[in-house]
Amino acid sequence: MSQPIPAGSLSGKTALVTGSSRGIGADTAAYLAQGGANVVINFRNKAPRAEKLATQLRELGVDVLVVGADLTDPASVADMMSQVKETFGALDLLVLNASGGMEGGMGEDYALVLNRDAQLNVLDAAAPLLHDGSRVVFVTSHQAHFIRTTPTMPEYEPVALSKRAGEDALRERIPSLMEHGIDFVVVSGDMIEGTITATLLERANPGAIAERRESAGKLYNVSEFAAEVALAAVEPIPADNTRLVGDVSSFGGE
């Protein structure tokens, strides 16, 4: 892995990355740890992967807390934040990475519950741990960010709409966050090769990834996009609180 954040620049900081036992979340946690941050790894049902990652990150000399939590369960989230408070006392960085909605066997409103309601609840539960100088990063996709003006694949539309609803709800909190000196930024990326979502989309719509890659000229892989998420934790906040990663020429305005 490359090292987008200078070593030591996050020393003494604590970061919680939701959905960080694998994929973008895991690589984001690793980049933050490389920068010197202590890390909270959150997982839903991938405990062995989470523990393996924690072992690797501790070798960097940082402290790592592994917490299993179902983000759609407020009690589970509250328990996670209690563990964070007990271990680290405060949070300097909250990365809202976990999302979903294409999984089978879930309730009809699961995408909205996870991608909107749970995101707000995690932010609210973390609020007592955040402070002047903290930052919240929300991870989304172009297909969701631009869903109001640019149609997406039918298979992904419910997820895209729910993620945009989550983004909108979080953005409504910006004035309140700013009052407390807390930064907020959205990181939106194109389809990311190698993610679970991309795999499910390809299964539902064979050829979709190749078609998007040809249209965009390039698609980021998991590690490349995670580096951008990690950079969003330390670089200046854009005026519109939005960091767009990858080609957006085929998307309309927001």
Side-chain angles (χ1 to χ4, degrees), residues 4-5 15 17-20 23-29 31-32 71 93-102 111-112 114-116 118-120 122-123 135-153 155-174 177 183-198 200-201 208-209 211-213 215-254:
I5 300 176
V17 184
T18 63
S20 49
I24 293 166
D27 281 7
T28 299
Y31 285 131
L32 297 174
L71 301 188
L93 179 62
L94 173 62
V95 181
L96 298 171
N97 165 73
S99 65
M102 293 192 68
L112 200 58
L114 175 59
N115 297 329
R116 183 192 64 188
Q119 307 300 320
L120 285 175
V122 171
L123 177 58
R135 182 173 295 195
V136 178
V137 179
F138 176 67
V139 182
T140 189
S141 66
H142 292 347
Q143 287 73 23
H145 181 69
F146 294 102
I147 187 60
R148 292 204 189 92
T149 58
T150 307
T152 187
M153 289 172 284
E155 299 85 359
Y156 190 66
E157 186 173 3
V159 176
L161 289 169
S162 66
K163 284 185 70 67
R164 182 66 219 201
E167 178 182 338
D168 291 342
L170 289 166
R171 284 182 182 275
E172 290 179 2
R173 302 289 177 87
I174 291 176
L177 292 170
D183 289 330
F184 176 85
V185 62
V186 171
V187 182
S188 178
D190 208 331
M191 289 182 187
I192 310 300
E193 302 213 50
T195 60
I196 298 296
T197 298
L200 292 173
L201 279 172
I209 302 302
E211 182 179 335
R212 180 59 198 152
R213 188 190 306 115
S215 172
K218 167 188 169 60
L219 292 181
Y220 282 63
N221 62 32
V222 168
S223 179
E224 290 169 334
F225 183 63
E228 294 293 331
V229 176
L231 283 170
V234 297
E235 293 190 341
I237 302 288
D240 59 355
N241 297 86
T242 308
R243 185 183 182 99
L244 299 174
V245 180
D247 177 67
V248 294
S249 60
S250 60
F251 293 93
E254 295 177 36

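Computed from a predicted structure; not experimentally measured.
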Please step through side-chain contact (heavy atoms from CB on, under 4.5 Å) for the pair V17 and Y31, ending with a clear verdict.
CA-CA 11 Å; V17 184; Y31 285 131; over 6 Å; no
Short question: side chain of [X], backbone of [Y] - any donor-acceptor pair under 3.5 Å?
{"X": "T242", "Y": "V186", "answer": "no"}
{"X": "N115", "Y": "S99", "answer": "no"}
{"X": "Q119", "Y": "L114", "answer": "yes"}

Show, in sequence, the C-alpha distance, side-chain angles and deciding distance for L120 and L170, and conclude whether the side-chain contact (heavy atoms from CB on, under 4.5 Å) test is met.
CA-CA 6 Å; L120 285 175; L170 289 166; 4.0 Å; yes
Qualifying residue for side chain to side chain contact (heavy atoms under 4.5 Å, CB included) with I147, from R164, K163, H142:
R164
[atom1]-[atom2] distance between [X] and [Y], expressed to the nearest 0.5 angstrom:
{"X": "I174", "Y": "N241", "atom1": "CD1", "atom2": "CG", "answer": "4.0 Å"}
{"X": "F146", "Y": "S141", "atom1": "CZ", "atom2": "OG", "answer": "10.0 Å"}
{"X": "H145", "Y": "D168", "atom1": "NE2", "atom2": "CG", "answer": "9.5 Å"}

If I compare all heavy atoms of [X] with all of [Y], which pair ends up nearest, and what's the gap?
{"X": "L71", "Y": "A98", "value": "CD1-CB, 3.6 Å"}
{"X": "V139", "Y": "F225", "value": "CG1-CE2, 3.7 Å"}
{"X": "S20", "Y": "A29", "value": "CB-CB, 4.4 Å"}
{"X": "P4", "Y": "L231", "value": "O-CD2, 3.5 Å"}
{"X": "L93", "Y": "A233", "value": "CD2-CB, 3.4 Å"}
{"X": "V185", "Y": "A232", "value": "CG1-O, 3.9 Å"}

Passes side-chain contact (heavy atoms from CB on, under 4.5 Å), L123 versus F138? Steps please.
CA-CA 10 Å; L123 177 58; F138 176 67; over 6 Å; no
Quick one: do V229 and D27 satisfy side-chain contact (heavy atoms from CB on, under 4.5 Å)? Show the steps, please.
CA-CA 9 Å; V229 176; D27 281 7; over 6 Å; no
Check whether any side-chain heavy atom of L94 sits under 4.5 Å from a side-chain heavy atom of V122, and report yes or no.
yes
Test applied, salt bridge (charged side-chain N to carboxylate O under 4.0 Å, His left out); reference residue, D183; option that passes from R173, R135, R243
R135
Cut-off 3.5 Å, side chains only: do N221 and S223 have a donor facing an acceptor?
no
Are the charged groups of R171 and E167 less than 4.0 angstrom apart, N to O?
yes
